[in-house]
**Q** 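Okay, here's the structure, questions in a sec.
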Amino acid sequence: MKNILVTGCCGYIGSHTCVYLLQENYNVIGLDNFSNSKREVLDKITIITGKKIKFYECDMLDRDGLNRIFNDNKIDLVIDFAAYKAVGDSVINPVKYYINNVSSVLTLLDVMKDHNVKSLIFSSSATVYGIPKVVPINEECETGFTTNPYGTSKYYVENILNDLYKSDNNWSICIFRYFNPIGAHPSGLIGDEPNGIPANLMPYILKVASREFEFLNIFGNDYDTVDGTGVRDYIHIIDLSKAHICGIKKLEKEKSGFYIYNLGTGIGYSVLEIVKIFEKVNKVEIPIKIANRRDGDISICYADSTKAKNELNWKAIYSLEDMCRDSYNFMINNKNNF
Ligand code: UFG
């Protein structure tokens, strides 16, 4: 498997994964519609790697555009990152999310089938577990009962992929359930740069660190956790991106199959712990205010990633200190955008 099509190649996870694919000498064909990413990311990937993605500006709902990409290139495997991901927005605009996150995957799968390309790595999320009954969460834990349309869109696609595999065992499908990716490439060139007011913790902390925002709202300090604030499994974007190389190798080795893996560190940190470590590592103060709980938030969520370790030989190695340092470095290097 040499020629990899990456959808959403300019986004946060897509861009980092492209860097490691290029460094591992894969030929990367990328598509993006820049709905939540910037064109300049392409140049930054080239600066980091000295290599170029063969890029197509294309929306995944555009069947003709997708057909053109598959006609122009002998694609071996697709990594599908392209999706909307703002939980709050999905509650307000569910149809937009189902069209963009579900219909587009159906179009992609249909085009893949037409071109006899049957290898796929799909970006899913820990959100498919809904409110976890136990932690750490392993892949056998029940899914569904998602708390927002974004999560439900990922849950639906997982089910669609399962049905597809049952209908035709020649497919090889790997689903990654990401926990909370933060951090950035150590070059400071690429990182998480959401449009508008960030919904996620680390991008918001960076806006406080850059003094664009005065303080961080901590959504609730009365959860049943170590200090009352929400606990999550934060994973460095480098570790997360590298897992995709392991996924490709797994699918290559097995020829066909349907696999699901959690990608997390297995360690949960509270919001207050993150703030303290961020302040210490970067020697910057992050003023906080305790606010009400955020609708749909859960108390504790962290992964059991033993399956990925055993079957993919993958393990997260970076610490929370590394994640905080690299996130801050990205902000400092891109001050104009913060
Ligand atoms: N938080 C704050 N203040 C903020 C932002 C977040 O206190 O300004 C808290 C949240 O309440 C939560 C923690 O920080 O306790 C992490 O929140 P994020 O929004 O960064 O991440 P979530 O765990 O809520 O959601 C993330 C992704 C989803 C994905 C989910 C999977 O955003 O896309 O992980 O578990 F579905």
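All ligand and atom numbering here is 1-based and tracks the order in the structure.
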**Q** Before signing off on this row, confirm whether Tyr204 and ligand 1 have an N or O atom pair separated by under 3.5 Å.
**A** no

**Q** Atom 23 (O) of ligand 1: which protein heavy atom is closest, and how many Å away?
**A** Arg232 NE, 2.6 Å

**Q** Centroid separation under 6.0 Å, is that true for the rings of Phe213 and Tyr204?
**A** yes

**Q** Where the closest heavy atom to atom 3 (N) of ligand 1 is concerned, which of Thr146, Asn217, Asn180 has it?
**A** Asn217

**Q** Aromatic ring centroids of Tyr150 and Tyr84 under 6.0 Å?
**A** no

**Q** Could you list which atoms of ligand 1 come closer than 4.0 Å to a heavy atom of Ala126?
**A** 31 (C), 35 (O)

**Q** What about the rings of Tyr12 and His16, do their centers lie closer together than 6.0 Å?
**A** yes

**Q** Taking non-hydrogen atoms only, is Val271 closer than 4.0 angstrom to ligand 1 via side chain, backbone, both or neither?
**A** side chain

**Q** Do any nitrogen or oxygen atoms of Leu201 come within less than 3.5 Å of a nitrogen or oxygen of ligand 1?
**A** yes

**Q** Heavy-atom distance to atom 13 (C) of ligand 1: which of Tyr234, Tyr269, Phe219 wins?
**A** Tyr234

**Q** For Asp297, is at least one N or O under 3.5 Å away from an N or O on ligand 1?
**A** yes

**Q** Quick one: does ligand 1 sit under 4.0 Å from the side chain of Ala199, the backbone, both or neither, non-hydrogen atoms only?
**A** backbone

**Q** Applying the 4.5 Å side-chain criterion to the ILVMFWY set and letting contacts propagate, would Phe219 and Ile205 be lumped into a single cluster?
**A** no

**Q** What about Phe81 and His244, are their ring centers closer than 6.0 Å?
**A** yes

**Q** For the residue pair Arg293 and Tyr223, would you count it as a cation-pi contact if the rule is NZ or CZ under 6.0 angstrom from the ring centre and within 45 degrees of the ring axis?
**A** yes

**Q** Would you mind checking which non-hydrogen protein atom is closest to atom 28 (C) of ligand 1, with the distance to 0.1 Å?
**A** Tyr150 CE2, 4.0 Å

**Q** Near Asp295 CG, under 6.0 Å, is it more than 12 heavy atoms from other residues, nucleotides or ligands?
**A** no

**Q** What residue and heavy atom of the protein are closest to atom 30 (C) of ligand 1, and at what distance?
**A** Ser125 OG, 4.0 Å

**Q** Would you please indicate yes or no on a ring centroid separation below 6.0 angstrom for Tyr129 and Tyr302?
**A** no

